[in-house]
Structures are given as C-alpha cells and as structure tokens.
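Some notes on the structure that comes next.
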Amino acid sequence: MNNINQILFPYVVQAVSQVFSVELTEQSIQFQETRKEFEGDATLVVFPITKFVKQSPEQLGNAIGEYLVQHCPVVQQYNVVKGFLNLVIEDAYWLDAFDTMLKGQEWGWELQNSKPRIMVEYSSPNTNKPLHLGHLRNNFLGYSVAEILKAAGHKVTKVQIINDRGIHICKSMYAWQASGKNDTPESTGLKGDKLVGQYYVAFDQQYKAEIAELIQNGMSKEEAENKAPSMLAAQDMLRKWEDGDEAVTSLWRMMNQWVYAGFEVTYRNMGVDFDKLYFESETYLKGKEEVEKGLSKGVFFKKDDGSTWIDLTNEGLDEKAVLRKDGTAMYITQDIGTAILRFEDFPDTAAQIYTVGNEQEYHFKVLFKILAKLGWNQSDACHHLSYGMVELPEGKMKSREGTVVDADDLMDSMKDESRLMAEEQGKLDGLTTEEKDLTYHKIGMAALKYFLLRVDPKKNMMFNPQESIDFNGNTGPFIQYGYVRTQAILRKANWNTGVDMVLNGEVKMGGEERNLIKLLFAYPQFLSESAKKYDPSIMAAFAYELTKTFNVFYQHCNILREENVDVKTFRLNLTSLTGQCIQSSMSLLGIQMPEKM
RNA sequence: GGCACCGUAGCUCAAUUGGAUAGAGCAUCUGACUACGGAUCAGAAGGUUUGGGGUUCGACUCCCUACGGUGUCACCA
C-alpha cells in the first residue's frame with residue numbers, strides 16, 4: 001500500500017544524506033500521525049536521527065523540512081515543534097488518493113485467496129448445556145477474526161470441535177433416564193439444548209444431595225463424592241458408551257441431536273457459521289493412535305502403572321499425562337488427534353488458530369509443544385487466540401449457581417430493546433412486519449457484537465446489562481445510524497454509483513473533507529494490523545472513528561444544498577465511499593447494516 | 001505458595017508498541033442554523049496512569065520492588 005510514509009521515506013534518507021552526508025538506517029526514520037492540535041498530515045520524529053547527526057532536534061527538523069518542501073513534490077509546507085517535524089501534504093495528493101479509492105472494487109480489502117490458508121476454530125461447546133454470554137464473546141471473536149483474515153487475503157477454514165462425549169453428557173443422560181418422564185423437545189416445547197441443560201442441573205442437585213446424606217452417615221467428603229450413586233451411574237454409562245453399548249449410544253445420539261438442533265437456532269441468530277465440524281467422538285481414537293506412534297518414537301514414555309506421559313521439564317513446563325493407566329483418552333489426547341487430523345484434511349494449512357478462553361493457556365502451551373515434538377507444529381503454526389472472561393457486576397458467572405447470562409435470552413432482550421427504541425423514533429413506518437423485525441434484529445445484534453468486540457480480546461471485560469443497551473456514543477447502533485444517514489442522503493440525491501462519479505480536479509477541500517479522505521485511505525493499514533494481531537477491536541475502532549469523522553463533515557458541510565455542482569459531486573462521492581467502508585468494516589465484525597432505522 | 005495475565009477520569013474502554021499537553025463514550029453541566037435523518041454536532045468539567053525505585057533526550061508502555069485483582073498449577077473437560 002503506497003501510503004504517505006512510504007513516499008516520504010526515501011526523501012528523508014536523501015535529505016540527510018545530501019545535507020549532512022550521513023546515511024540513515026531504516027530504524028531511525030519514524031513516522032507517526034500528526035496530532036490534531038498541530039498542522040500537518042504526517043510527522044517525522046526527529047530524535048532518533050540526532051544520534052547520527054550532531055544537531056539539536058529543532059535545527060535538524062528545519063533542515064529536513066526545508067529540503068522536503070523543495071524536493072518532494074507532495075510536501076507543501078512544514079513546521080517543527082520540539083523534535084517533531086510536521087509535514088503538510090498537497091491537496092492534489094489526497095484527491096489523487098481519493099480517485100484510486102473510488103476506482104477500486106472493494107476499497108480496503110486485499111485480493112481474495114491470495115494468501116495461505118488459515119484455520120480458525122471457535123465456539124467448540126460441550127453438548128450438555130446451552131450457550132451463554134462467554135460463548136457469545138468466543139463466537140463473535142472467532143467469526144470476526146476469520147472474516148478479517150479473509151478480507152486480508154487469506155484462504156480461511158472455519159471449524160469447531162464439538163465435545164460430544166465424556167462424563168458431562170453422561171450426567172445429563174443419566175438424569176433424563178432417572179426422571180422417567182421421557183420428556184422431549186417436542187413434548188415440552190423447549191429448545192433441545194435447554195432441555196438437556198435442565199437435566200444437567202438436575203443431576204448436580206441430586207449429586208449434591210447424595211453427598212450431603214453420605215457425609216451425614218459418617219462418610220468423608222472425598223469418599224462421598226466418589227461413591228454417590230448418581231456419579232457411579234454416570235461413570236457406568238461412560239464405560240458402556242466406550243464399549244459401544246447399544247442402549248446407551250442410542251440415548252446419547254438422541255440427546256445430542258436435540259442439542260445440535262438447539263445450537264443451530266442459536267448460531268443462526270448469532271450470524272456465525274462453520275465450514276467443517278469435528279466431533280470429539282470421532283477424533284479421540286485418532287489421538288490415541290498418534291500417542292502410540294509417538295510412544296514408539298520415544299516422544300512419550302510409560303510409567304510403571306501403565307499411564308503414558310510426556311516430559312516437558314526441559315521446556316519450562318511439567319510432566320503431563322496423555323493417556324490414563326487404563327489406556328483411555330484424555331482431553332489433551334483428543335486435541336492431539338484433532339490437530340493432526342486437520343493438518344491432514346487441509347494439507348495447505350499454514351496456521352491453526354484456537355479461539356479459547358485464557359483459562360486454558362497452559363493447556364495450549366502443552367499441546368503445541370507436544371505437536372511440535374510430533375513434527376506437526378513447524379514454525380509455530382498453532383496459535384491460541386486467548387481471550388479474557390466476561391464478568392458481571394455481581395461477580396462471576398457460575399452455571400451451577402444460576403448466574404449465567406443465557407445467549408438466547410440476551411439476544412432476545414437486545415432485540416426487544418431496539419424495537420422499543422425504533423418504535424419511539426417511528427422511522428420504520430411503511431416497512432413490512434418482516435422488514436421491521438429484521439431491522440430490530442440487526443440493531444440489537446450490532447449493539448451486542450460491537451460491545452463485545454470493541455475491547456482488546458485478551459482483557460477481561462465487564463458486562464453491565466443496563467449499560468450494554470445504550471445506543472448512543474461508541475456503540476454499534478451509533479455506527480449503523482451514521483451509515484443509514486449516508487444512504488438516506490444518496491437516495492435523496494438519486495445517486496447512482498458509477499454513473500455520477502466525475503471528479504473535477506479544481507475542487508478545493510476543507511479540513512473536514514480532508515480528514516475523511518485521510519481516514520478512508522488508511523483503511524488497509526487498519527485491516528492489516530487487525531489481521532496480523534487477530535484483533536477485531538482495531539476494526540471496531542476504525543469504524544467508529546470513520547463514523548464520527550463523517551458526522552463532523554456532515555454537520556459542517558452542505559451536501560444536497562451545495563450549489564456548486566463540482567463540489568456537490570465531490571461530497572456525494574465522499575458520502576458514498578464512506579457508507580461503503582462503514583458497511584465493509586462492520587461486516588468484518590459480523591455486523592449488518594440496516595437501510596433505515 | 002510457583003507460574004501467567006491484568007491494574008489508566010466516578011463508570012466502560014483507548015493510547016500508532018519508547019514519542020508531543022494520556023484520548024473516546026456513558027453519567028454531570030452549557031450551547032447549536034425552525035433538523036440535507038437530532039440515535040447528531042460544538043464546548044466545560046473530570047488524571048500524581050495502584051505505590052516506590054531504576055533505565056534515557058523522552059516511560060501508561062521496558063527493568064526491579066511492594067500492594068491489589070484474575071486465571072492456572074488433575075490419570076476433569
């Protein structure tokens with residue numbers, strides 16, 4: 001991308017070489033954006049250069065500035081403040097930039113599929129309970145990173161691993177069977193994941209009651225936890241499942257189907273999708289095989305009791321078990337299998353990204369070390385996209401204590417809120433019921449997604465239900481509103497993209513227009529940084545900044561009322577491109593734009 | 001206790017990765033052409049960046065230290 005810094009760079013080298021006969025290193029030339037309280041479009045930080053040229057920063061800045069004005073065609077003027085050289089760039093440069101942006105197909109995005117394949121894993125739920133607020137952050141984050149990587153030119157495969165086997169699902173199965181009620185989603189009218197989740201809670205209650213009773217009868221806590229009848233029954237089911245017991249596996253299949261049907265609804269609401277699903281029940285055996293292979297290669301070792309381990313003490317980690325003494329697979333076993341299976345399924349995969357909460361950082365460190373030792377993680381191809389917890393004002397979410405914020409409920413209430421707001425405004429009159437409903441959905445989801453994605457993924461964040469439904473300020477709906485306004489203006493002007501795009505070079509720009517063009521021109525840099533760091537919050541900041549900058553322009557410049565045709569055309573072009581870029585940058589967050597709101 | 005991450009305005013978040021007077025939104029206060037769509041814009045107020053040391057032209061950022069918060073340290077997932 002030929003941004004202004006790259007144009008200036010060689011001239012600065014030349015300036016210092018001509019004036020002072022000193023050759024600069026690349027590192028000593030640092031550009032940054034000019035602060036808005038100073039005049040200029042680009043700023044050279046002079047301090048690093050003083051190491052090579054023995055002059056005061058001010059003198060040096062003036063000398064370089066003088067040279068640039070004379071020799072670099074795009075530099076119009078300069079000023080020096082302390083050790084900072086501010087450069088004013090010619091309007092012609094920005095108009096030229098604007099022209100190339102208008103001519104491009106999808107300004108800001110790279111050529112599709114021009115870069116290596118990256119696999120992005122996200123969601124990866126357990127199948128024993130419904131999705132909650134934490135999953136929303138996970139899904140929005142993973143989906144968004146995938147979209148950003150696509151826009152940055154990568155081939156992308158979105159995957160998830162469904163943890164469909166294990167003691168957790170057996171608990172729900174046992175409780176369902178023990179209740180003897182034969183409830184189904186159809187008979188109860190409940191979503192499948194909600195129904196299964198209820199039985200998971202029921203199991204926990206029964207289990208706790210049994211433990212309390214056993215302790216009362218003189219048993220130790222630990223013993224009671226191990227000997228509670230419900231737990232023994234669930235463990236029995238797990239064994240039978242591993243043995244392929246017909247009754248258990250068909251129950252397992254039925255209840256998992258209920259959950260998938262429920263998840264399907266939730267995912268559709270969230271607006272996320274996947275290219276390929278992996279099921280733990282299908283990969284854990286692969287994991288065991290790979291461990292066996294590794295064992296023969298000496299990567300792993302067996303302890304006397306028959307359990308299999310890896311020694312990572314030389315890597316600053318501990319010893320870690322990879323197979324139980326009875327030979328059964330563990331959590332990490334299936335992760336080994338899944339990772340290798342994915343590399344085999346998609347041999348052109350350059351990187352795998354795991355969107356998983358930061359509480360599993362240690363787990364992934366271990367996993368990636370193991371994969372490296374097995375020869376499957378060359379040049380750190382695996383990356384843990386670790387994100388912080390979502391906290392509530394009253395404390396942490398605990399599923400057993402009923403303090404979880406359910407994903408479906410939350411999405412519904414956001415939509416309700418946007419409906420109330422929109423009805424108050426009354427701007428949707430004339431739309432059909434379906435169109436209105438879709439608009440409420442878009443606005444509610446924008447509020448929610450933007451709220452969760454605008455913060456740095458790695459940080460813990462606070463979710464305050466009251467504040468999250470604010471639609472003013474730095475929010476999704478604020479940005480949508482800005483977009484809707486661009487479209488309203490274009491509609492009123494009977495603007496047809498591609499027909500009216502005649503730019504006249506004579507146009508004189510004001511500061512508001514200039515700022516807008518500069519920001520639009522920086523879109524690709526925001527995108528590539530966002531992709532490089534797997535961080536959607538950078539795109540969120542861009543979309544917000546763009547909307548605010550447009551609002552200032554709109555507030556200070558007439559568009560439709562402008563009488564000079566050239567200026568009006570220029571401003572309509574600017575409005576059109578801004579709308580397009582708001583839409584495309586927000587789409588990278590999974591947020592859709594309504595036409596009216 | 002060991003290790004990892006975090007601590008910025010009353011609240012929720014930023015800060016171009018070591019650069020200028022630490023920026024936005026919410027809440028509070030004051031304004032704006034009889035709205036080109038006011039879910040807007042202009043402005044005020046709000047900070048010893050948890051405390052203490054150090055490194056240097058320059059530190060929210062790097063190093064040391066104390067304090068506070070979170071996570072993790074299973075043959076659970």
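Sequence lines set the chain letters: A, B, ... in the order given, protein chains first and strands last, and positions in each chain run from 1.
In this structure, CD of A:E58 is placed 11 Å from C1' of B:C57, rounded to the nearest angstrom. What separates CG of A:N551 from C1' of B:G25 is a distance of 14 Å, to the nearest Å. A straight line from CZ of A:F47 to P of B:U56 spans 16 Å, rounded to a whole angstrom. Between A:R561 atom CZ and B:C36 atom C1' there is a gap of 5 Å when expressed in whole angstrom units. Counting to the nearest Å, the P atom of B:U72 and the CG atom of A:L312 are 20 Å from each other. Put simply, CD1 on A:I489 is 12 Å from C1' on B:A35, counting in whole angstrom units. Between the CG atom of A:N464 and the C1' atom of B:G10 there is a distance of 14 Å, rounded to whole Å. Rounding to whole angstrom units, CD1 of residue A:I479 and C1' of B:U40 are separated by 14 Å.
Contacts of A:D456 with the nucleic acid, taken as non-hydrogen atoms under 4.0 Å apart, involve only primed sugar atoms and P, OP1 or OP2. Using a 4.0 Å heavy-atom distance criterion, A:E562 is classed as making no nucleic acid contact. Residue-level contact check: A:N126 touches the backbone only, with heavy atoms under 4.0 Å from sugar-phosphate atoms and none from bases. Contacts of A:P125 with the nucleic acid, taken as non-hydrogen atoms under 4.0 Å apart, are absent. Looking at heavy-atom distances under 4.0 Å, A:A488 makes contact with a base. Using a 4.0 Å heavy-atom criterion, one finds that A:Q480 contacts no nucleic acid atom at all. Note on A:M421: a base of the nucleic acid sits closer than 4.0 angstrom, heavy atoms only. Nucleic acid contact for A:N163: none, since no nucleic acid atom lies under 4.0 Å from a heavy atom of the residue. Residue A:R571 is out of contact with every strand shown, counting any heavy-atom pair closer than 4.0 Å. At a threshold of 4.0 angstrom between heavy atoms, the contacts of A:Y481 include nucleobase atoms, whether or not backbone atoms are also involved. Within the nucleic acid shown, A:V484 comes within 4.0 Å of at least one base atom, counting heavy atoms only.
To the nearest whole angstrom, the two C1' atoms, one in B:A9 and one in B:G46, are 6 Å apart. When the P atom is compared between B:C41 and B:C60, the two are found 30 Å apart, to the nearest whole Å. Rounded to whole Å, the P atom of B:U65 lies 12 Å from the corresponding atom of B:A4. Separation of the C1' atoms belonging to B:A66 and B:A20 is 32 Å when rounded to the nearest angstrom. Across the P atoms, B:C11 and B:U48 are found 13 Å apart, a figure rounded to whole Å. With both ends at atom C1', the span from B:U16 to B:G52 equals 30 Å, rounded to whole Å. Nucleotides B:G53 and B:C13 place their C1' atoms 30 Å apart, quoted to the nearest Å. Nucleotides B:G58 and B:U70, compared at atom P, are 38 Å apart to the nearest Å.
Comparing B:G19, B:C36, B:A39 against the side chain of A:F471 picks out B:A39 as the nearest. Ranking B:C13, B:A39, B:U72 by closeness to the A:M462 side chain, first place goes to B:C13. Relative to the side chain of A:H168, the nucleotides B:G19, B:G38, B:A77 differ in distance, and B:A77 lies closest. Nearest nucleotide to the side chain of A:Y554, out of B:G19, B:C26, B:C36: B:C36. The nucleotide whose nearest atom lies closest to any side-chain atom of A:K459 is, among B:C36, B:C6, B:A39, B:C6.
The pair A:K365-A:E361 does not count as a salt bridge, with every side-chain nitrogen at least 4.0 angstrom from each carboxylate oxygen. The pair A:R571-A:E513 meets the salt-bridge criterion, with a side-chain N (NZ, NE, NH1 or NH2) lying under 4.0 Å from an Asp/Glu carboxylate O.
By the side-chain contact (heavy atoms from CB on, under 4.5 Å) test, A:D164 pairs with A:T127, A:I162, A:W252, A:N256, A:Y260, A:F279, A:E280, A:S281, sequence neighbours left out. In this structure A:P125 satisfies the side-chain contact (heavy atoms from CB on, under 4.5 Å) test together with A:S123, A:L131, A:Q160, A:F263, A:Y267, sequence neighbours excluded. Residues meeting the salt bridge (Lys or Arg N to Asp or Glu O under 4.0 Å) test with A:E417, sequence neighbours left out: none. Partners of A:T34 under the side-chain hydrogen bond (donor to acceptor under 3.5 Å, both in side chains) rule, at least two apart in sequence or in another chain, are A:T43. For A:L431, the side-chain contact (heavy atoms from CB on, under 4.5 Å) partners are A:L428, A:E435, A:K436, A:T439, not counting sequence neighbours.
A:F478 does not qualify as a stacking partner of the B:A39 base, lacking a centre-to-centre distance under 5.5 Å together with planes within 30°.
Without hydrogens or angle criteria, A:T569 side chain to A:V565 main chain gives a donor-acceptor distance under 3.5 Å.
Here A:K365 does not reach the OP1 or OP2 of B:U72: none of its side-chain N or O atoms lies under 4.0 Å away. Taking 4.0 angstrom as the limit, A:N460 places none of its side-chain polar atoms (N or O) nearer than this to OP1 or OP2 of B:G69. Note on A:R485: a side-chain N or O is less than 4.0 Å away from OP1 or OP2 of B:G38.
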Show me, pair by pair, the donor-acceptor contacts under 3.5 angstrom made by side chains of residues 167-174 of chain A, not counting sequence neighbours?
{"unit_1": "A:H168", "atom_1": "NE2", "unit_2": "A:N163", "atom_2": "O", "d": "3.2"}
{"unit_1": "A:S172", "atom_1": "OG", "unit_2": "A:V196", "atom_2": "O", "d": "3.4"}

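In terms of heavy-atom proximity, A:G327 sits nearest to A:K288 at O-CE, 3.2 Å.
Relative orientation of the A:F553 and A:F550 rings is tilted, given thresholds of 30° and 60° on the angle between their planes.
Side chains of A:N358 and A:Y387: a donor-acceptor N/O pair is absent below 3.5 angstrom, by distance only.
Nearest-nucleotide positions on RNA chain B place A:K458 closer to the 5' end than the other of A:K458 and A:Y331. Nearest-nucleotide assignment on RNA chain B puts the 5′-proximal partner with A:K492, out of A:H556 and A:K492.
Listed by first and then second residue, the side-chain hydrogen bond (donor to acceptor under 3.5 Å, both in side chains) pairs that reach into residues 312-321 of chain A are A:K303-A:E319, A:D311-A:T313, A:E315-A:K373, sequence neighbours excluded.
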Secondary structure of RNA chain B per the Watson-Crick/G-U criterion (both distances under 3.5 Å; [ ] crossing, | other strand, . unpaired) is (((((((..((((.....[...)))).(((((.......))))).....(((((..]....))))))))))))....
Identify the pairs formed between an N or O of the protein and an N or O of nucleotides 20-24 of chain B at a distance under 3.5 Å, and give each distance.
{"unit_1": "B:A20", "atom_1": "OP2", "unit_2": "A:R35", "atom_2": "NH2", "d": "2.7"}
{"unit_1": "B:A20", "atom_1": "N7", "unit_2": "A:Q32", "atom_2": "NE2", "d": "3.3"}
{"unit_1": "B:A20", "atom_1": "N6", "unit_2": "A:T43", "atom_2": "OG1", "d": "3.1"}
{"unit_1": "B:A20", "atom_1": "N6", "unit_2": "A:N86", "atom_2": "OD1", "d": "3.3"}
{"unit_1": "B:A20", "atom_1": "N1", "unit_2": "A:N86", "atom_2": "OD1", "d": "3.3"}
{"unit_1": "B:U21", "atom_1": "OP1", "unit_2": "A:K82", "atom_2": "NZ", "d": "2.4"}
{"unit_1": "B:A24", "atom_1": "O2'", "unit_2": "A:Y544", "atom_2": "OH", "d": "3.0"}

